[in-house]
Structure formats: structure tokens, C-alpha cells
Amino acid sequence: MAANFLVHEKIWFEKFKYDDAEKRYYEQING
Amino acid sequence: MAVAGTLYTYPENWRAFKALIAAQYSGAAVKVLSTPPQFHFGQTNKTPEFLKKFPVGKVPAFEGEDGFCIFESNAIAHYVSSDELRGKSKEAAAQVLQWVSFADSDIVPPASTWVFPTLGIMQYNKQATEYAKEEVKRILTLLDCHLKTRTFLVGERITLADITVVCTLLWLYKQVLEPSFRQPYGNVNRWFVTCVNQPQFKAILGELKLCEKMAQFDA
Amino acid sequence: MAVAGTLYTYPENWRAFKALIAAQYSGAAVKVLSTPPQFHFGQTNKTPEFLKKFPVGKVPAFEGEDGFCIFESNAIAHYVSSDELRGKSKEAAAQVLQWVSFADSDIVPPASTWVFPTLGIMQYNKQATEYAKEEVKRILTLLDCHLKTRTFLVGERITLADITVVCTLLWLYKQVLEPSFRQPYGNVNRWFVTCVNQPQFKAILGELKLCEKMAQFDA
């Protein structure tokens, strides 16, 4: 029952990819 | 004057639990509308009168008896809390916010990635699930280290930090953190069980059964 | 007593700007360490002494002169703020938290999805970008409606809500919200320009050049 509602939750599943890319980008910029 | 009002949500919403447990501590009078005819998720929250009060149309949403309306679960929990729960000093208030932000930014994504397929509400993706498991291990290790010398996350008593992180970990502990997986994180397990056994948590969560066998994805 | 301490970050970090602008209003003395030899992003934040203070190893991270350490950008901004910025009443404080949460949950994901490929940070994905553009339109519409009758997001003066949402929108306004795209959101544009022209914002952001031509992905 509760699970059916969870499907409507907005979760940023890809967040780790963006966090990782952002970290690498700024690590590169900062040499 | 203690807060009084109505919380709109769908049933068993872990995000709504944060405000409801906080209200158990603060004495705020929060009436829950979560089932038809009072509230029909997917319909009521799309009506013009609901959107006028809560333009984002998301739940949980709170409407005070004085007409004050607020959305975003962390803001609602903060509003129905007491100063003790929010953190009385500047430092404690900032630490509470630190753990609340940490829960949303670092726990929600991997917890959902791992648990949703086991509930059959999302396609299973082996690589994403394995990555999520490693992230959950990283988070539990961090919490375990922090709780090695502490009973609660901030200060000596329960705050919104504990309420928020416990509610964010709920599905993990119910669905996939089987004894062998959670065994290395004894301080977190002790803290989690201490919290959920508090009468104020029990009043909202009921008797919590910890995961005995890691749920696999439900094809 | 006003707060004083050190903020560790990499240069031009919009998440760090939130605390730095807040400090401009509150008078907190915040020294920024963002370049070698004082701070080398990717190295310093992986050292044992840094991780002892900030176990998550992320930036921005704040260390007060009194040794008080805090991570998570919203917690740091809250700590270096004044009561006016945090929201003086229970209602205002909850509304500030509502917009701070909204910024992280509803603005950061589509803003990152749209902007990162234009900076060469992430691969371009047409479908994801188109979806992100629609989400940005939804957010700007919601903010535009809220700001139709308001000068600022909460109450009559600048709060952490304005500082946080402005900093979260920065990349969008600099990189992709060209005049024709942002034209329908006049109240948001007026509010955004009002904020960034405040001396406290200018002291941190400098002279902001709004996007003239929507950046395309940088193959």
C-alpha cells in the first residue's frame, strides 16, 4: 500500500553522477 | 502557544512522519488527512483550492488553524517542533540543519535506488543498486563513527536531527539492512533502536520490525 | 557575539556564496581558503586532519575560531546568519526553510542537468535537457506567481530564502536563461536583479552578467 504512493516521490536518482562529475570538474580546474 | 493544524499526506509517508514525531514531542496538535474523502492523493492536491494554498502541489503540506500554510517536509517539521528539537543554541541549530541537509542530500538518493526496486516500483539496475549499497555503507560508517561517543546526533537529547535521519533510514532498516549487513554499524543500530523505541516515535511508527532477510528486487 | 571563522571551498562555488553573502549581512568574519597552498580542492579535503573535522570530506566546510566545525552549505549559511536572515518568527523561520529545501529539491536537479553539459562537466543528453528546461519553466512560473505580490520571498526584507534561491539560480541566469527564455518571468527577473544588485551580494558575486545567448552543450 505505502509503496504504491512512493512511486510518486521525486527522487534525484542520478545525483551521485552529477556530484561526481562536479567534483572531478572542480578538481581538474584546481589542478 | 502550541501549534495546531492539518497535515495533508498520503498514508505511511516517511516524510510526513518527521513532523508527526516532532509534534509528539512538542505537543503540537496535528490532524492528519490522508485518505478519501478528506484527502485523495493525486486528486485533492491537484485542485485549485489546494494549489492556491500549496502552489507546488506536493505532500506533505501543512495548514495551521490560523491559516498559515507551509510545504516541504523539513519546514513543516521545523514549524511544529519546540526549540529543544530545533536546537536551542546557534551551534545546535546549525548542527540539526547539517544532519537534515545530509539526510536529504546523501541518504535519500541511494536509499531510494536500493529500496524502490525491492518494492516493485522501479526497474532493477544491478550497477545502480551495487553503487547504492556502497553509498549506504559509507553513510552508515560515518554515522557509526559519529555515534561512537554520542547517544544522539546533536547534544544530549533527541532533536530534529535524530527524527529526520531515523525517518530517512526507515525503509532501509525495514527492507534491506539484514542483520549481517548492519552488523558492522553497532552504534547506528543502537541509536536507531533507541529512537524508534521512544514512546513519541512508537506513537507514529508503531512496532518496527527490522529487516531479517534483505529484500531482492521484485520482478 | 558575531561569528568568526574559516570557510574551506574551491573558488567560485555557488554553495559557498550562500554563507559568504549571509556573512555580509550579519557581520560574521569569514575568511575563505580556496586556493593552494592554504587549500587544494581534491587534496586538502582528503587529508586525515580535514576528515577528522569534516568526516564527509565535502566543501564548503566551516571552522569557527572557537573550533566549532560544520559542513553542509545550508547549515553553514544558517550559522553565520543573523536572526533577521534566518526568519525572526516561527512562521518566517519555517518559510525560510521551505524555500531553502525547495531550492535543493526542485531547482538543483534540473539546473545541473541543463547547465553541466554546457560547461563540459557532463555528457549532453537531449531528452534529459528538454525535461530539465520544462522543470525550470515550472519553477520560474511558481516563483513568478509568488513574487507577483512580494518584493522578497519571505517577509519584507532579504532573508536566507532569497540568498539561497538566488545562489541556486546563478548558473541558470549566467549560462542559459537568455532574454527570450526569461521574458515570461518578469517578477522573478526583477527580484533576482534587485538581490544581486544589493551591495552585500555584489561584494561576493561582483558584477553579474546575465545570459545573452543560451549556451549549448560543449562537446
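Order of the sequence lines sets the chain letters (A, B, ...), proteins ahead of strands, with each chain counted from 1.
- Taking the side-chain hydrogen bond (donor to acceptor under 3.5 Å, both in side chains) definition, one finds that B:K202 meets it with B:N197, sequence neighbours left out.
- Counting only heavy atoms from C-beta outward, the side chains of A:W12 and B:V108 never approach each other to under 4.5 Å.
- The CZ atom of B:F41 lies 5.0 Å from the NE2 atom of A:H8; values are rounded to the nearest 0.5 Å.
- Contacts between residues 14-26 of chain B and chain A, counted as heavy-atom pairs separated by less than 4.5 Å, involve B:W14, B:R15.
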* Asked: Should B:T9 and A:F5 be marked as a side-chain contact (heavy atoms from CB on, under 4.5 Å) after you check the CA-CA gap, both sets of side-chain angles, and the distance that decides it?
  -> CA-CA 10 Å; B:T9 178; A:F5 292 111; over 6 Å; no
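- The environment of NZ in B:K52 is sparse: at most 12 heavy-atom neighbours from other residues, nucleotides or ligands sit within 6.0 Å.
- For the atom pair B:K58 NZ and A:E9 CD, the distance stands at 8.5 Å (nearest 0.5 Å).
- Annotation for B:K46: atom NZ does not count as buried by contact number, only 12 or fewer foreign heavy atoms lying within 6.0 Å.
- Within the structure, every pair that satisfies the ring-ring contact (aromatic ring centres under 6.0 Å, His included) test and touches residues 98-123 of chain B, not counting sequence neighbours, is listed here: A:F13-B:F116, B:W99-B:F102, B:W99-B:H146, B:W99-C:F71, B:W114-B:F181.
- Residues A:V7 and B:I121 approach most closely at CG2-O, 3.7 Å, considering heavy atoms.
- When the heavy atoms of residues 14-26 of chain A are compared with those of chain B, the residues falling under 4.5 Å are A:K15, A:F16, listed by number.
- The most heavy-atom pairs under 4.5 Å with chain A, out of B:V115, B:T113, B:D104, come from B:T113.
- Taking all atoms of both residues into account, the shortest heavy-atom contact from B:P109 to A:I11 is CA-CG2, 4.1 Å.
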